[in-house]
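Worksheet: the structure to be examined is printed underneath.
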Amino acid sequence: MRKIFLAIVMTLLGWGVQAQSKNEINLVPIPAKMKINSGQFVIRSNTSIVLSSDNPEMQNAVAVFNNLLNRAGGFRLSVTVSPASSNAIVCKLNPAISNAEGYKLSVQKDLITVEAKTPQGIFYGMQTLRQLLPFQIERPYLSNVVWAVPCVEIEDEPRFVHRGLMLDVCRHFMPKEFIFKFIDMLAYHKMNTFHWHLTDDQGWRIEIKKYPKLTQIGAFRNRTLEGRYTSPDKRKWDNTRYGGFYTQEEIKEVIAYAQSRFINIIPEVEMPGHAVAALASYPELSCTGGPFEVEGLWGVFNDIYCPKEETFTFLENVLSEVIDLFPSEYIHIGGDEAPKVRWQNCAHCQALIKKEGLKDEHELQSYFIKRIEKFVESKGRRIIGWDEILEGGLAPNATVMSWRGEAGGIEAAKQNHDVIMAPNNYFYLDYYQADPKTQPLAIGGFVPLWKTYSYNPMPASLTAAEAKHILGVQGNIWTEYIQDSDYAEYMAFPRGAAVAEIGWSPQSLRNYPDFKQRMIQMFKRYDGIGWNYCNAILKEAE
Ligand code: ACM
Ligand code: ZN
């Protein structure tokens, strides 16, 4: 009864049943090639989804779409492997398509065909189909919308293999339910990587069975800085005990959820710096012996891991559990912001520098990372580190994540190392995105949507061979000032959508005014799904 009443009201309000017109095609990221034809295909409750092969990955590739249709339209399409020549969405694996993530989508009046080399490509084709439907597809069932898809021919594939966002859950803990939502946001924009920043000075967030104190002690802090970062005499503290962590069972749930949306999760375990929460739990791994408290202040701290045998054993045991949990080829080992003052004043560290014939503490950090790389490679995986791992010499096979601008990325590519571009001046999504006077407190900086969108991750100074090392792009969401998931979403979007388009779409098709108009339309979809976002572009002058 309530549904009928709402349907009448919605129809009177003019929200009824019209199909999406051509000028309402607002795909993000914009496809590599698209031709719009006349006519439309209407999805009805008796339309079927036909798979070329019935395996769990193909089922996953269409499941999100079918669940959505069920929520918005009140019906679920039958999924079969029997051939159909009309009134069907045919999903076919086609080995002739060269890009593993690419797809072809053909919408004709009586048939939709999605072809791809892999189920992941089919999934992306289904995400495009989702965005071609009226925006009401993202709303819970309200009225009798006609589920019309405009006739199009799309041939699409990503520009880069790494398209992702990082979320810091250490400065502020984000519940598992939000991680699911965040993964949905990534998948919606055809991103394929979630970089999960799991350990830092202010909290250790992953259960490690061999070292229970990491979460008994390291996952909780007794106080948190209130308001803006100030000099010590002006600091105010919130003395509420704060923390949380993910059990290994919860992490397995998150990994399974991500896999069903074709997202790889790269876990990050920071070393040798940003380690105070670990040192508060196991002070014997430091140079001084402590004691330490899990930090409630933001910043860079002098106490870091001491490169003793005991520390390497600890880190290898931690990484073994992490590697057993996460199927990711890449494991992020941090490497950023490790002050060398403790190492300069530690007898063990100085003796190790002499014994190994190292020049200084930067070479000691390089020795540290190279040892960890060897261990990670012995498990069949590879390391990524922040661009500081260039200092003192790169580990032989390390991939560099360039965050202090793009200079580290350019240097690494010139040294024949793979690179992910995450330059803070474009891709730090914790920076302000509009006039700070109009915004909640943030860490600083100024990265409005146009600025993020303006970045081209292919530096002109690279040769063609060096340019092949640019694997892709990533936006980073550090959470010192982001206390909850609602604010994290607000910071993530729409800038995260710009990162997605930079990672996916050909540079030649990228155009900010056009992107901005598509995003303004996209907001109706975000509203329907229930994602928070910053709408500052509605007030931005052209
Ligand atoms: C970083 O922002 N310290 C990687
Ligand atoms: Zn030491």
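Heavy atoms only: backbone and side chains are in, while hydrogens, waters and symmetry mates are out. Order of appearance sets the numbers: ligands from 1, and atoms from 1 within every ligand.
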Original post:
Any side-chain heavy atom of Leu471 within less than 4.5 Å of one from Tyr330?
Top reply: yes

Subject >> Flag side-chain contact, heavy atom, 4.5 Å: Glu250 against Ile179 >> reply: no

Assess, by modelled atom type and distance only, whether the side chains of [X] and [Y] contain a donor and an acceptor separated by less than 3.5 Å.
X	Y	value
Gln131	Gln127	no
Trp403	Glu388	yes
Glu270	Trp204	no

Subject >> Metal-centred angle, SG of Cys287 through the Zn ion (ligand 2) to SG of Cys349, rounded to 10 degrees >> reply: 110°

Subject >> Identity and separation of the nearest protein heavy atom to atom 3 (N) of ligand 1 >> reply: Asp336 OD2, 2.6 Å

**OP:** Tell me, please, if His348 has any N/O/S atom, main chain or side chain, under 2.8 Å from the Zn ion (ligand 2)?
**Re:** no

Original post:
Polar-atom distance check: Glu337 versus ligand 1, any N or O pair below 3.5 Å?
Top reply: yes

Subject >> Tyr428 N/O under 3.5 Å from ligand 1 N/O >> reply: yes

Original post:
Can Asp184 and Lys181 be said to form a salt bridge (charged side-chain N to carboxylate O under 4.0 Å, His left out), step by step?
Top reply: CA-CA 5 Å; Asp184 286 342; Lys181 194 174 182 188; over 6 Å; no

Subject >> Atom indices of ligand 1 within 4.0 angstrom of Trp478 heavy atoms, with elements >> reply: 1 (C), 2 (O), 4 (C)

**OP:** Could you tell me which atoms of ligand 1, counted from 1 in the order shown, lie closer than 4.0 angstrom to a heavy atom of Trp386?
**Re:** 4 (C)

